[in-house]
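What follows is one structure encoded as structure tokens, with my remarks underneath.
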Protein chains: 4
Amino acid sequence: MVRSSNARSAAGASRVRRRNDLRRVEILRAAARVFRDRGFNAAGMREIADAADLSPANLYHYFRGKDEILYFCQDRSLDRLNGALAEARTTRGPVGPRLHGLAVRHVLCLLDDVEGSAAHLEVDALPPRLRRTIIAKRDRYERGIRALVGEGVKRGELAHGDATVATRAFLGALNWTAHWFRPEGPHSPPAVARLVADYAVAGLAARPRSPRAQRSLS
Amino acid sequence: MVRSSNARSAAGASRVRRRNDLRRVEILRAAARVFRDRGFNAAGMREIADAADLSPANLYHYFRGKDEILYFCQDRSLDRLNGALAEARTTRGPVGPRLHGLAVRHVLCLLDDVEGSAAHLEVDALPPRLRRTIIAKRDRYERGIRALVGEGVKRGELAHGDATVATRAFLGALNWTAHWFRPEGPHSPPAVARLVADYAVAGLAARPRSPRAQRSLS
Amino acid sequence: MVRSSNARSAAGASRVRRRNDLRRVEILRAAARVFRDRGFNAAGMREIADAADLSPANLYHYFRGKDEILYFCQDRSLDRLNGALAEARTTRGPVGPRLHGLAVRHVLCLLDDVEGSAAHLEVDALPPRLRRTIIAKRDRYERGIRALVGEGVKRGELAHGDATVATRAFLGALNWTAHWFRPEGPHSPPAVARLVADYAVAGLAARPRSPRAQRSLS
Amino acid sequence: MVRSSNARSAAGASRVRRRNDLRRVEILRAAARVFRDRGFNAAGMREIADAADLSPANLYHYFRGKDEILYFCQDRSLDRLNGALAEARTTRGPVGPRLHGLAVRHVLCLLDDVEGSAAHLEVDALPPRLRRTIIAKRDRYERGIRALVGEGVKRGELAHGDATVATRAFLGALNWTAHWFRPEGPHSPPAVARLVADYAVAGLAARPRSPRAQRSLS
DNA sequence: TATGAATGAGATTTCATTCAT
DNA sequence: TATGAATGAAATCTCATTCAT
């Protein structure tokens, strides 16, 4: 009897804990969508609460404050991106397609309306303490991509040039999607993701013709 | 006496008007830098006033409010961009270099610390009335670029594909620069502009090899 | 069966009741310490709950709310003080030592970290209904001391003067102890109690020399 | 002309500055009264604003926040008290009357409804940074009184004993006045101040009779 | 008896903006 | 042209309290 009681209470605790965590994740998803659509500063706690179907005060049951909500949004986003990165880095084969796959997942992550996201932008909104962790993860992601690009250059697949700047321009092409994509537009998120990834990877590819032609006139 | 007084006051008015206009432009430059660095919502009127060396209250002698300041910032930015666009469209020769030149000017416009800018983002912060004008100019700019891209495709210089999405990805690569550029970094603004433009134009160029290679694995 | 059940439940109820009462007292002790150390308004229900090792919500099984907790704290404190007062009044002998004993117990009551206390301050925090009872008890205590002082004056032991004001100054010297006493300081609570009582009673004693000397210069 | 213009603007600036400072002092006076009557935590910014005849938001034109208002209240109070202390310490003559004069001024400072005060209590409400300065001033005051007491003991005027504890009991008798004094009561502030000072100084005076008599029975 | 979740009321504070001078 | 003073509205956040379990 005692054992069964213990077991029950343990199960209860676990169930509660899991429900609590699930609720937190649901809130983070909702918040991420709000942040993406309105920006961190323009998004009010009331909006987030509405999106998550809670009272504003109740948000503070789950998170210490708005900053922390943003922090966890970004943390989750970056974890997903770093997961995709890990896969791209461990896959074999030419770098181009691997970068393409990564780019697709990156964009889908931004546009996903269930998971919400794009919250890895606006790092500056975080207080210094929280910012450090996020910047570390973000830099890990960026360095990982740069490493892939470097690998492609070594193999002769990708163009020589400043890998850091190229990586950032690559990410810019991807990230910008969150700014302009409209669900009611002509393309589905996967279609957009593929098109943008096509563009972004092409920008890295080895230039076939004389690079002179690419130079600006002015 | 009366005539001379009139003349003087007319001259005075003109001088005042011109000074007023100069002051307005100076304020807009300062404001554009603040908006770029901090974002519209995070930027306070006090910050703008400090950057422009005025008291916050005095800003209201020059502008109706924060919205209007953003409006004029964006208006000025877009005018400069549309100027660059016009030049790119009327220039003869292959499309690639013309787009490259435009891209360079676009990035320089974002990074310019005298003129300030990047304020053409955050259109959503404007109240509907002001927003319409800005969106019109922004769309004009985007359509112009898309037209150039279309011309390049027709000539066989640029890759087939969705020109609208490609244009936005192109702009994303450029615009993102404002997020990551740091003056104390390794490259000067013109150097960054050239590197980013290289990438951005390459992404549009006709794909030489089998498009399959660009496809994602997943 | 029914009888046995009744009997058991009666016994159970009694035990529960007693446990309940014990628990209530424990909570009041903890709350009294928190109120003394932080003040009524600064003390949160969470703090009280932590000090009593309960969840905040569970406090409401024992008390109607924060006000009621303060009420019972003050009630208990004043009962103890009135108990000490009764003893001092019924004791025979000169008034000085009897007041001294009372003062010692008063201070010990404030500093006692088991019983907690000092909660008889902050009467204003109570809602009117509860306030009346507490004020009545507090006034009973004060009047009792004033009566003792009056007795001392009649006997020639204590100084003439405004007995009400003197009583309050006397109580001030005692009560203030709760503000400055630190357990890690040089004196134990009983030592402090004796020293403070020495001072407080001396202030009431008949002035031997010319009262002029006590007068202010200014 | 130019000089006179300069002079005028300088005078203007000075006038403005002085008005600003005056307004600050008025606000502090009002706030001190509110703090004394309601306690720091119970007093809302709205109450303070009402007492000072401003909108709550406008308080932030003069002070950084509630904490800072309390800080300046306490600072002003302690400056006044330290002023009185300095006078008491530099005056010649027996210590008793000098302490009496200081005590009178101390109590008057608490009860003064123009200057407001009693705000030197509740030091714990301050954030650490501000608290340090106030504690330093408060300790200076306390040490000054203790030195006076020590001088009295040396001269044989005052009773031997723990000077620190005696000083605190002395201050307790004075400070408590702020708790119980009611303007509609039988005594005027100066009358109360004299009565309380009489008591407080008497508590320090050399005990004429056998100290045994002062001992508690229990 | 016990507690996680939930909430309305209200606290402090910020901010864009206006106004008197 | 310039600004200190003033304010309403709203934002974030806290807190005592309730409720379902």
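Both backbone and side-chain heavy atoms feed into the values below; hydrogens, waters and symmetry mates do not. Sequence lines set the chain letters: A, B, ... in the order given, protein chains first and strands last, and positions in each chain run from 1.
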- Note on the structure: Output for pair (C:Asp67 CG, C:Leu130 CG), nearest 0.5 Å, gives 6.5 Å
- Message: Rounding to an integer number of Å, can you tell me how far D:Lys66 NZ sits from E:dA11 P?
- Response: 9 Å
- Whole Å only: how far is the CD1 atom of B:Ile27 from the C1' atom of F:dT1? 11 Å
- Quick one: do A:Ile27 and A:Phe72 satisfy side-chain contact (heavy atoms from CB on, under 4.5 Å)? Show the steps, please. CA-CA 10 Å; A:Ile27 295 170; A:Phe72 281 118; over 6 Å; no
- Message: Please report the distance, rounded to the nearest Å, between CG in C:Asp21 and C1' in E:dT1.
- Response: 15 Å
- Message: I need the D:Ile134 CD1 to D:Arg132 CZ distance, nearest 0.5 Å.
- Response: 12.5 Å
- Within-4.5 Å side-chain heavy-atom neighbours: B:Gln74 and B:Phe35: no
- Message: Side chain of B:Tyr62, heavy atoms from C-beta onward: which of F:dT17, F:dT1, E:dA16 has the nearest atom to it?
- Response: F:dT1
- Message: Taking the nucleotide of DNA chain F with the nearest heavy atom to each, does C:Gly65 or A:Gly65 sit closer to the 5' end?
- Response: A:Gly65
- Just by distance, do the side chain of C:Glu68 and the backbone of C:Gly65 share a donor-acceptor pair under 3.5 Å? no
- Message: Among residues 40-58 of chain D, which ones have heavy-atom contacts with DNA chain E below 4.0 Å?
- Response: D:Ala43, D:Gly44, D:Met45, D:Ala57
- Query: Under the side-chain contact (heavy atoms from CB on, under 4.5 Å) criterion, do B:Phe40 and A:Asn41 qualify, and how do the steps go?
  - Reply: CA-CA 9 Å; B:Phe40 177 74; A:Asn41 281 288; over 6 Å; no
- Base-paired stems in DNA chain E, each at least three Watson-Crick or G-U pairs under 3.5 Å: E:2-21 with F:2-21
- Message: Just the rounded figure in Å: distance from C1' of F:dA16 to CZ of C:Phe63.
- Response: 16 Å
- Message: I want to check something: taking the side chain as every heavy atom from C-beta on, are C:Arg23 and C:Tyr62 in contact at a cut-off of under 4.5 Å?
- Response: yes
- Distance-minimising heavy-atom pair for A:Ala43 and A:Lys66: O-NZ, 2.8 Å
- Task: Give the rounded distance in Å between these two atoms: CZ of B:Arg24 and C1' of F:dT1.
- Result: 15 Å
- Query: Hey, are the side chains of A:Asp53 and A:Glu26 touching, using non-hydrogen atoms and a 4.5 Å cut-off?
  - Reply: no
- Rounded to whole angstrom units, what separation is found between the CG atom of A:Leu59 and the P atom of E:dA5? 13 Å
- How do B:His61 and C:Tyr60 order along DNA chain F: which one's closest nucleotide is nearer the 5' end? B:His61
